[in-house]
There are 2 protein chains.
Amino acid sequence: MSEAGARDTAAEVDAARGRQAARRVPGAFVAGRVLRPSTKVLPEHARGHNRALVLQTLFTAGQQSRADVARRTGLTRVTVSDLVGELIAEGLIVETGQRDGSRPGKPATLLDIGRTAFQVLGIDLSDHSAFRGAVLDLTGTILERAEVPLAGRVGDDALATVFELADELVSLSTRPILGLGVGSPGVVDPDGVVLEAPNLGWADLPLRSLLAERVGRPVVVANDANAAILAEHSFGNAEGDMMLVKVGHGVGAGLLLGGSLLSGGRFAAGEIGHVVVGTDGGEECSCGKSGCLETWLAAPRLEARIRRAPGQREAILREAGRRLGIVLAPIVGALDLSELILSGPPALLDGTLAEATRETVRERTMAEFSGDLVLRMTTLGDDIVLRGAAVMVISAELGVS
Amino acid sequence: MSEAGARDTAAEVDAARGRQAARRVPGAFVAGRVLRPSTKVLPEHARGHNRALVLQTLFTAGQQSRADVARRTGLTRVTVSDLVGELIAEGLIVETGQRDGSRPGKPATLLDIGRTAFQVLGIDLSDHSAFRGAVLDLTGTILERAEVPLAGRVGDDALATVFELADELVSLSTRPILGLGVGSPGVVDPDGVVLEAPNLGWADLPLRSLLAERVGRPVVVANDANAAILAEHSFGNAEGDMMLVKVGHGVGAGLLLGGSLLSGGRFAAGEIGHVVVGTDGGEECSCGKSGCLETWLAAPRLEARIRRAPGQREAILREAGRRLGIVLAPIVGALDLSELILSGPPALLDGTLAEATRETVRERTMAEFSGDLVLRMTTLGDDIVLRGAAVMVISAELGVS
DNA sequence: CGGAGTTCGTAAGGTTGACTTACAAACATG
DNA sequence: CATGTTTGTAAGTCAACCTTACGAACTCCG
């Protein structure tokens with residue numbers, strides 16, 4: 001068949017296919033992603049999506065009129081009005097009066113998230129000394145705090161302590177509870193089962209369902225570093241692909257790629273603490289290997305090393321930063337990360353260590369050319385996991401992050 | 001407010017929210033992913049999705065009746081019948097007679113992908129000596145091949161060579177052309193602009209739109225390693241998260257995470273060739289650094305090294321494999337990868353090198369515990385990019401991969 | 001100061017798409 | 001041969017978004 005022949009035939013078939021081009025699955029190969037459709041989609045799913053879209057728009061832009069939202073989302077004013085009506089009835093959106101300033105036309109009625117309609121509970125299990133909790137509003141502002149010392153409890157005792165903290169948070173709340181979010185150390189599956197958390201002596205603990213039964217509200221449980229990076233994403237106005245490294249008793253990370261949290265095939269994504277760094281041995285690790293990243297970077301190890309040789313403080317921190325950079329460089333290169341965030345004790349991380357990591361990653365990747373690799377401390381301090389836990393709930397219940 | 005009070009109020013609100021629970025955005029926090037809704041969804045998008053779902057079902061399961069598809073997808077028989085009717089009219093599905101074997105009830109009419117309705121063109125620009133192309137059917141079977149020697153051409157000459165190859169493929173096709181897919185070396189943005197491909201002397205070349213104009217049909221352009229991993233995903237029945245390392249003149253990789261291709265913030269995901277390995281120097285690289293992975297692993301470098309010391313062949317390959325393992329270990333740990341695939345000259349990769357990589361990754365990660373890390377050669381040989389290019393077209397045009 | 005133009009929000013009716021219900025066709029079984 | 005099962009289609013319902021149209025409320029300008 002001639003070239004022209006093939007083309008004509010194709011054009012004819014296109015015509016025969018009628019509207020199919022316009023109907024093409026949106027995003028089938030958008031932004032380099034291939035979607036493999038796996039579940040049916042019904043019209044009501046579209047409704048849910050558009051509901052979340054309206055909420056999301058108000059979350060990020062805030063103080064918008066129905067017409068503004070319509071323009072921003074591409075939905076018609078009529079549809080937005082309908083969705084907003086539904087959301088107002090649920091208390092998730094409130095009218096906040098008319099827009100001031102003089103413009104032609106009927107004045108716009110401004111809308112905002114109904115901050116007081118619900119409260120969210122967040123729990124952070126990642127600290128070695130205490131379980132910490134908070135009551136937050138729908139915008140992620142912390143309203144109340146609670147804390148229960150851990151005192152070395154593990155296993156069922158630790159679980160009882162979580163229950164205790166959850167109960168206290170429920171009693172501290174003054175509005176209907178949208179849900180409870182928990183950031184836990186260890187490996188957590190999508191159903192909120194803590195597959196393993198050695199520090200707490202947990203294995204295959206169905207924490208989500210246990211807590212859901214206890215508080216009678218939706219519960220989301222995820223890894224603490226994953227919660228942290230969600231917080232950074234939502235509140236730290238960080239865009240695009242990024243990785244958050246959380247240094248504490250151990251070392252873990254959360255990865256946000258293309259706006260999606262990476263969970264990993266065995267739900268262990270971000271578990272970089274036991275990756276071996278360098279080929280020159282290193283301290284023995286609790287996992288049995290030598291030279292794991294944790295042996296270089298975990299806070300207790302660093303503190304012990306500095307205690308032994310106070311004069312070497314800067315050198316110790318620089319070496320720790322360099323080791324972190326060596327582990328991160330292949331990851332930054334492979335994932336084309338534009339932003340690395342550190343979370344943990346600022347006294348250890350902020351300064352020499354961060355600088356050494358930044359330099360090492362730059363030296364060992366192409367980042368020196370693209371030049372825009374950012375490595376910085378989190379802006380959310382110690383509340384990062386708490387606020388991330390709240391984000392998970394808001395995201396799960398309202399489809400908004 | 002008391003605990004009980006908060007709970008009751010929440011329950012009341014839940015009741016007031018009516019069907020909202022059932023309406024919740026599906027997958028808002030499913031599988032550890034947070035969706036940030038960004039575009040509106042209309043009922044016709046659902047239609048497109050369900051169309052693709054039916055096609056996908058026939059792709060993977062093949063030879064099914066309408067009722068089978070309905071059961072598999074969760075859609076009703078009526079809806080499936082309607083969608084199938086549309087797809088038959090377009091030639092994308094054909095009836096292949098009745099199911100044999102005796103069962104109660106009306107015999108089922110079997111359906112299958114209309115393999116002959118369209119043909120797909122694939123082009124592989126990753127080989128250093130020639131551009132290769134093929135005509136494929138909708139199932140990814142290669143029907144015709146074409147090849148144009150490259151003879152060192154770069155820049156506009158190389159582009160003209162691509163045009164030449166594309167024209168030849170069009171003339172070789174005997175059916176309407178669904179589209180043309182291209183796997184190119186270098187960094188390619190989602191719109192098919194080759195941002196940089198040093199080997200071909202291309203920078204900011206809008207290859208997709210140029211080719212679309214030339215062949216008058218949809219064109220998809222992506223990085224060669226990304227095309228390769230899509231092929232492996234579609235034809236190599238590889239599930240879940242995986243990474244494909246492509247060794248040739250350079251070293252690149254493609255990453256498939258949670259079923260999605262990773263593109264990276266600057267569309268440079270998988271560019272691990274210029275990550276530095278180890279802290280002991282290494283050969284100088286074209287990029288200006290020393291000890292880049294490419295200097296250890298690129299085929300020309302390996303061949304030259306073996307030529308210089310034929311007796312050291314095994315040691316050279318083992319060291320190359322070890323270096324690759326050192327780079328991959330942090331990536332495997334961070335992404336919780338379960339499968340690593342090598343693509344390139346089997347004489348170099350398959351055997352000692354792969355074994356050394358496998359061992360090194362195991363030694364340096366937690367993989368020894370989970371134990372199910374697979375590292376293997378691709379099963380698709382030299383056609384991997386060609387077939388991946390076809391997958392991109394089928395995915396983009398039909399929403400099926 | 002009043003008409004024209006603009007913008008906002010809502011009402012009414014149309015279109016799309018999947019669902020439920022119902023039914024004819026074609027087969028196996030007792 | 002009657003009964004039960006499975007397939008595929010026809011008819012009508014429901015959900016959700018769209019287009020069109022309109023009143024309300026404001027600015028601008030002659």
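Each chain gets a letter, A, B and so on, in the order its sequence line appears, and its residues count up from 1. Since the model is a prediction, treat every value here as computed from it, not as a measurement.
Contact between the side-chain N/O atoms of A/S81 and the OP1/OP2 oxygens of C/dG9 is not found at any separation under 4.0 Å. Contact annotation: B/T76 does not reach the phosphate of C/dT20 (side-chain N/O to OP1 or OP2, under 4.0 Å). At D/dA21, none of the side-chain N or O atoms of A/R77 fall inside 4.0 Å of OP1 or OP2 (strictly under the cut-off). Considering only side-chain N and O atoms, A/S65 lies nowhere under 4.0 angstrom from the phosphate OP1 or OP2 of C/dT7. Remark: A/R47 is in phosphate contact with D/dC17, judged by side-chain N or O atoms under 4.0 Å from OP1 or OP2. In this structure, B/N50 does not reach the C/dG17 phosphate: none of its side-chain N or O atoms is under 4.0 Å from OP1 or OP2. Neither OP1 nor OP2 of C/dG17 sits under 4.0 Å from any side-chain N or O of B/T79. Under 4.0 angstrom from either OP1 or OP2 of C/dC8 there lies at least one side-chain N or O belonging to A/R103.
Residues A/G74 and B/P104 both approach DNA chain D. Their nearest nucleotides, taken by heavy-atom distance, put B/P104 toward the 5′ side. Map A/K106 and A/L83 each onto its nearest nucleotide of DNA chain D; the residue landing nearer the 5' end is A/L83. Between A/T109 and A/P43, it is A/T109 whose nearest contact on DNA chain C lies nearer the 5' terminus.
Atoms CG (A/D82) and C1' (C/dG13) sit 15 Å apart, rounded to a whole Å. Atoms CG (A/L42) and C1' (C/dT16) sit 14 Å apart, rounded to a whole Å. Whole-Å rounding puts the B/E86 CD to D/dT9 P distance at 14 Å. Atom pair A/R51:CZ and D/dA16:P shows a separation of 11 Å (rounding to whole Å applied). Taking atom CD on B/E95 and atom P on D/dG8, their separation rounds to 8 Å, with Å as the unit. For the pair B/R99 CZ and C/dA25 P, the interatomic distance rounds to 22 Å; values are reported in whole Å. Atom C1' of nucleotide C/dG9 and atom CG of A/L111 are separated by 11 Å, given to the nearest angstrom. Taking atom NE2 of residue B/H49 and atom P of nucleotide C/dA18, one finds them 11 Å apart after rounding to whole Å.
For the atom pair B/T139 OG1 and B/F235 CZ, the distance stands at 7.0 Å (nearest 0.5 Å). Note that the CG atom of B/L178 and the OG atom of B/S173 stand 12.0 Å from one another [nearest 0.5 Å].
Using a 4.0 Å cut-off between a side-chain N of Lys or Arg and a carboxylate O of Asp or Glu, A/D68 and A/R99 qualify as a salt bridge. Between A/R47 and A/D82 there is a salt bridge, with a side-chain nitrogen of the basic residue lying less than 4.0 Å from a carboxylate oxygen of the acidic one.
Put simply, the side chain of A/R66 and the base of C/dG9 share no donor and acceptor less than 3.5 Å apart.
Side-chain proximity of B/E44 to the nucleotides C/dG17, D/dC26, C/dC8 is greatest for C/dG17. The side chain of B/A108 has D/dG8 as its nearest neighbour among D/dG8, D/dA11, D/dT5. Ranking C/dA11, D/dA10, D/dA16 by closeness to the B/V78 side chain, first place goes to D/dA10.
Side-chain contact between A/L55 and A/L87 is present, with at least one heavy-atom pair separated by less than 4.5 Å. In this structure, B/T116 and B/V94 have side chains that are not in contact, with every pair of non-hydrogen atoms separated by 4.5 Å or more.
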